[in-house]
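Excluded from the calculations below are hydrogen atoms, water molecules and symmetry mates; all remaining heavy atoms, backbone and side chain alike, are included. Convention: sequence-line order gives letters A, B, ...; per-chain numbering from 1.
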Protein chains: 2
Amino acid sequence: MLKLPDMECCACGNLRKTTRVITQFYDRHLQPTGLRTTQCVLLRNISLHRNIAVGELAAMLLMDQSTVTRNIEILNKHGYIKIVPENQDARKKSISITMNGEKKLEEAIPLWEEAQRKIEQVLGKQFDGFLETLATINKISE
Amino acid sequence: MLKLPDMECCACGNLRKTTRVITQFYDRHLQPTGLRTTQCVLLRNISLHRNIAVGELAAMLLMDQSTVTRNIEILNKHGYIKIVPENQDARKKSISITMNGEKKLEEAIPLWEEAQRKIEQVLGKQFDGFLETLATINKISE
DNA sequence: ATTTATTATATGTATATACATATAATAAAT
DNA sequence: ATTTATTATATGTATATACATATAATAAAT
């Protein structure tokens with residue numbers, strides 16, 4: 001048996017682990033709204049960019065195009081967004097938030113703020129550097 | 001329309017985003033082995049703790065018990081681990097790595113090290129603090 | 001010893017994720 | 001104008017994830 005590293009320091013393993021923890025934390029806060037954090041973030045991005053396309057959301061969230069397609073189906077099913085073919089280019093979808101979607105966001109945001117506040121408090125002055133490090137890692141996708 | 005935060009600073013959203021990026025990065029490195037990073041980390045933990053139970057792995061990885069059950073099925077299907085009922089307590093499973101599993105790990109670890117080395121290089125002196133911050137966040141699950 | 005409570009894992013269900021490939025539409029080349 | 005290439009999204013497939021609940025086994029209470 002060779003001596004292998006224990007992988008305790010695995011950047012990917014540790015990121016995945018913490019993502020599991022924090023997702024449960026945020027999702028529990030959002031639970032009264034029925035929105036998951038992923039859906040809330042996606043919906044907020046749609047609300048900020050009217051008539052956005054699937055690929056644009058994918059680029060913004062560093063998410064595969066097919067994942068965006070699947071995830072917006074859920075928001076659409078609940079009537080939070082409207083998906084229509086774009087005028088100029090019929091290959092593209094034009095995605096917009098609906099009235100219901102805005103109401104749901106307004107309901108979710110204060111709960112999100114509560115979770116966010118608690119995390120920022122726990123991290124204290126580590127928080128800004130943390131977001132910067134995440135952004136540094138994101139660059140490997142370029 | 002009320003003024004809502006843009007959620008750019010969402011700790012959960014940013015962690016999920018970076019986890020998508022880094023998982024693709026590590027998984028591409030491991031691709032020749034057919035192992036995903038999650039599987040590799042899980043397998044390494046099993047190899048380090050013979051006759052471990054589902055719940056013990058879950059506690060270690062901060063992963064739901066049901067997720068561990070599902071994830072070890074995949075390793076089992078490939079013959080990398082052996083799952084038998086425990087002697088003392090038949091409710092528990094006794095999970096161990098197989099010869100094939102060890103061979104697969106020995107094949108995967110150098111590729112993992114390559115990915116890990118690149119990330120550590122990109123982060124430089126930020127790396128240690130980064131792991132510490134992740135550990136700080138993990139405490140919210142206690 | 002029998003009933004009751006607890007614990008460990010499994011199963012049903014829904015979402016999140018990406019890759020490979022298909023399809024449909026536009027753009028480029030001739 | 002027609003063919004060819006490119007681009008945008010969708011679909012098939014596999015994995016990763018958690019919650020609620022079921023099941024089976026052990027432990028505790030009587």
Should B:Glu120 and B:Arg117 be marked as a salt bridge (charged side-chain N to carboxylate O under 4.0 Å, His left out) after you check the CA-CA gap, both sets of side-chain angles, and the distance that decides it? CA-CA 5 Å; B:Glu120 289 189 19; B:Arg117 192 184 53 69; over 6 Å; no
What nucleic acid atoms does [X] come within less than 4.0 Å of, heavy atoms only: base, sugar-phosphate, or nothing?
X: B:Lys77; value: sugar-phosphate
X: B:Thr67; value: base
X: B:Arg16; value: sugar-phosphate
X: A:Ser66; value: base

Let me know the distance between [atom1] of [X] and [atom2] of [N], rounded to the nearest Å.
X: B:Asn76; N: C:dT9; atom1: CG; atom2: P; result: 15 Å
X: A:Asn71; N: D:dT17; atom1: CG; atom2: C1'; result: 13 Å
X: B:Ile72; N: C:dT11; atom1: CD1; atom2: P; result: 11 Å
X: B:Arg91; N: C:dA8; atom1: CZ; atom2: P; result: 6 Å
X: B:Leu15; N: C:dA16; atom1: CG; atom2: C1'; result: 15 Å
X: B:Ile74; N: C:dA10; atom1: CD1; atom2: C1'; result: 15 Å
X: A:Leu35; N: C:dA16; atom1: CG; atom2: P; result: 10 Å
X: B:Tyr26; N: D:dA16; atom1: OH; atom2: P; result: 17 Å

Polar side-chain contact A:Arg20-C:dT17 base: donor and acceptor under 3.5 Å: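 Such a pair does not exist between side chain and base.
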Is there, by distance only and without an angle test, a donor paired with an acceptor across the side chain of B:Arg36 and the base of D:dT17 below 3.5 Å?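 Such a pair does not exist between side chain and base.
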Does [N] have its OP1 or OP2 closer than 4.0 Å to a side-chain nitrogen or oxygen of [X]?
X: A:Arg28; N: D:dA18; value: no
X: B:Gln39; N: D:dA16; value: yes
X: B:Thr69; N: C:dT9; value: no

Would you kindly compare B:Thr38 and A:Ile83 by the position of their nearest DNA chain D nucleotide and give the one closer to the 5′ end?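 Its nucleotide being nearer the 5' end, the pick is A:Ile83.
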If you assign A:Gln65 and A:Gln31 each to the DNA chain D nucleotide with the nearest heavy atom, which residue ends up on the more 5' nucleotide? A:Gln65
Nearest heavy-atom pair of A:Ile46 and A:Ile97: which atoms, and what distance? CG2-N, 3.7 Å
On a heavy-atom basis, which atom in B:Leu30 and which in B:Ala108 lie closest, and how many Å separate them? CD2-O, 3.5 Å
Are a donor atom and an acceptor atom from the side chains of A:Glu107 and A:Thr33 found within less than 3.5 Å of each other?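 No, because no side-chain N or O of A:Glu107 sits under 3.5 Å from a partner of the opposite role on A:Thr33.
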[X] side-chain proximity, nearest of [options]:
X: A:Asp89; options: C:dT26, D:dT26, D:dT11; value: C:dT26
X: A:Lys92; options: C:dT9, D:dT15, D:dT9; value: D:dT9
X: B:Lys93; options: D:dA10, C:dT9, D:dT26; value: C:dT9
X: B:Arg70; options: C:dT13, C:dC19, C:dA10; value: C:dT13

Now, which nucleotide makes the Watson-Crick or G-U wobble pair with [N], with each of the two distances under 3.5 Å?
N: D:dT30; value: C:dA1
N: C:dA8; value: D:dT23
N: D:dT13; value: C:dA18

Quick one: does A:His78's side chain get under 4.5 Å of A:Lys104's, heavy atoms only? no
Decide if atom NZ of B:Lys118 counts as having more than 12 heavy atoms of other residues, nucleotides or ligands within a radius under 6.0 Å.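 Count over threshold, so yes.
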